[in-house]
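What you see is a predicted model; the values in this text were computed from it and never measured.
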Amino acid sequence: YKLAGNWQVTDFLRLRATYGTSSRSPALFEQFLNNETGFLSQGIDPCIRWEDSDNATIQANCASQGIPGDYNGLGSSAEIRSRGNVGELDPETSKAFTASLILTPQSWLWDGGRFSFAVDYIDIEVKDQVTQLGASTILSTCYQSEDFPEDPRCSLFVRDLDEDSPTAFNILTVDDPYFNIDTQRNKSLDFTTRFRQDLGSMGTLSILGQLTYQLKDKFELFQGFTSNFNGEAGDPKWIGDMNITWNKAPFTVTYGLQVIAATNDIDNLEIVGGANLTDGNCLATASAFALHGGPYCPVYKLPRVAYHSLS
């Protein structure tokens with residue numbers, strides 16, 4: 001269902017709000033897909049030559065299972081099992097709330113100008129999204145987990161831990177069923193400004209500015225296992241763009257500007273580096289010394305960038 005309200009407070013101020021819910025039942029193939037078997041090489045295993053890894057968590061978790069640091073992953077392919085999950089899947093559900101303030105002055109500081117400004121608050125929560133993780137993701141996220149081996153993803157595969165076995169330390173099977181992601185939630189503010197100026201015989205000038213500021217981007221794969229990507233690479237806190245257009249028939253000229261906020265992945269670097277992270281945020285691992293002759297300093301900050309266009 002959806003509820004919506006709109007209140008014209010004055011001739012220049014308007015308030016509006018919406019609240020809605022939705023749901024989706026699992027598709028037939030997500031429930032009844034018959035067991036499918038495929039094979040992937042042992043290359044999906046993050047514990048291969050873990051002694052050369054720059055990720056301290058992977059090193060610790062692989063070592064805790066007695067896997068040799070120089071384990072090369074030789075052996076037969078891992079069996080990957082995909083299947084539906086009838087009787088275990090819940091419907092996907094979502095809730096969405098928006099609240100807005102819109103200013104539309106009826107006059108401007110000078111003749112021929114029109115201006116409007118809107119700010120929207122958006123809060124969206126999705127529960128029980130139906131998906132598959134993929135074999136490689138299951139293994140890598142398990143061994144990067146600080147809750148290893150209790151992390152639920154670690155129960156989805158079988159490794160041969162018998163060092164006297166012909167398949168010693170190989171990944172034997174990975175179970176990749178459809179399942180429900182616990183929760184995803186996003187909160188943001190959207191700002192929109194419009195300005196139009198009549199230039200008489202010189203045509204018209206229009207400006208459109210938009211900015212989205214992300215307040216929260218939470219992802220909870222399983223209950224109690226939460227990630228927040230807000231402000232990290234690929235998920236900047238804000239993005240803004242502006243278009244300035246001059247029009248006089250038959251000509252139109254548009255200048256565009258898009259600005260993307262800086263990002264910082266220091267939290268991930270601290271998890272990866274662990275005790276091998278120096279005061280200068282460099283990785284002092286064995287592989288760094290072997291490949292670079294000293295600590296390796298990864299780029300974990302990306303600067304704010306701007307893109308220009310003219311047409």
Scan side-chain atoms only and decide if [X] and [Y] contain a donor-acceptor pair under the 3.5 Å cut-off.
X      : Y      : result
Ser116 : Thr104 : no
Ser23  : Thr93  : no
Gln210 : Asp190 : no
Thr98  : Thr18  : yes
Asn276 : Thr285 : no
Asn170 : Tyr71  : yes
Asp54  : Tyr296 : no

With side chains defined as the heavy atoms from C-beta onward, is the minimum distance between Leu283 and Pro298 less than 4.5 Å?
yes

Any sub-3.5 Å donor-acceptor pair from [X]'s side-chain atoms to [Y]'s backbone N or O?
X      : Y      : value
Arg185 : Glu125 : no
Gln42  : Ile171 : yes
Asp123 : Phe97  : no
Lys248 : Ser201 : yes
Gln197 : Asp111 : yes
Gln132 : Asp176 : yes
Gln59  : Ser53  : yes
Asn180 : Asp128 : yes
Asn61  : Ser145 : yes

Looking only at heavy atoms, what is the nearest atom pair of [X] and [Y], with distance?
X      : Y      : answer
Ile260 : Pro236 : CG2-CG, 3.7 Å
Ala56  : Gly273 : CB-O, 3.3 Å
Pro105 : Phe115 : CD-O, 3.2 Å
Lys95  : Tyr19  : CD-OH, 3.5 Å

Answer yes if [X] and [Y] sit in the same cluster of Ile, Leu, Val, Met, Phe, Trp and Tyr residues linked by side chain heavy atoms under 4.5 Å apart, and no otherwise.
X      : Y      : result
Leu211 : Val119 : yes
Leu101 : Trp7   : yes
Trp50  : Leu277 : no
Leu139 : Leu40  : yes
Tyr307 : Trp238 : no

Rounded to the nearest 0.5 angstrom, the CG-NZ distance for Leu189 and Lys187 is 10.5 Å

Just one of Asn281, Asn268, Asn264, Thr263 clears the side-chain hydrogen bond (donor to acceptor under 3.5 Å, both in side chains) bar with Tyr300, so which one?
Asn281

Please evaluate residues Ser64 and Phe148 with respect to the criterion side-chain contact (heavy atoms from CB on, under 4.5 Å), reporting the C-alpha separation (whole Å), side-chain torsions for both, the decisive distance (0.1 Å), and the verdict.
CA-CA 10 Å; Ser64 71; Phe148 178 90; 3.4 Å; yes

What class does the angle between the rings of Phe219 and Phe229 fall in, given that below 30° is parallel, 30 to 60° is tilted and above 60° is perpendicular?
tilted

Is there a side-chain contact (heavy atoms from CB on, under 4.5 Å) between Gln31 and Tyr178 once you walk through the steps?
CA-CA 8 Å; Gln31 299 182 78; Tyr178 285 94; over 6 Å; no

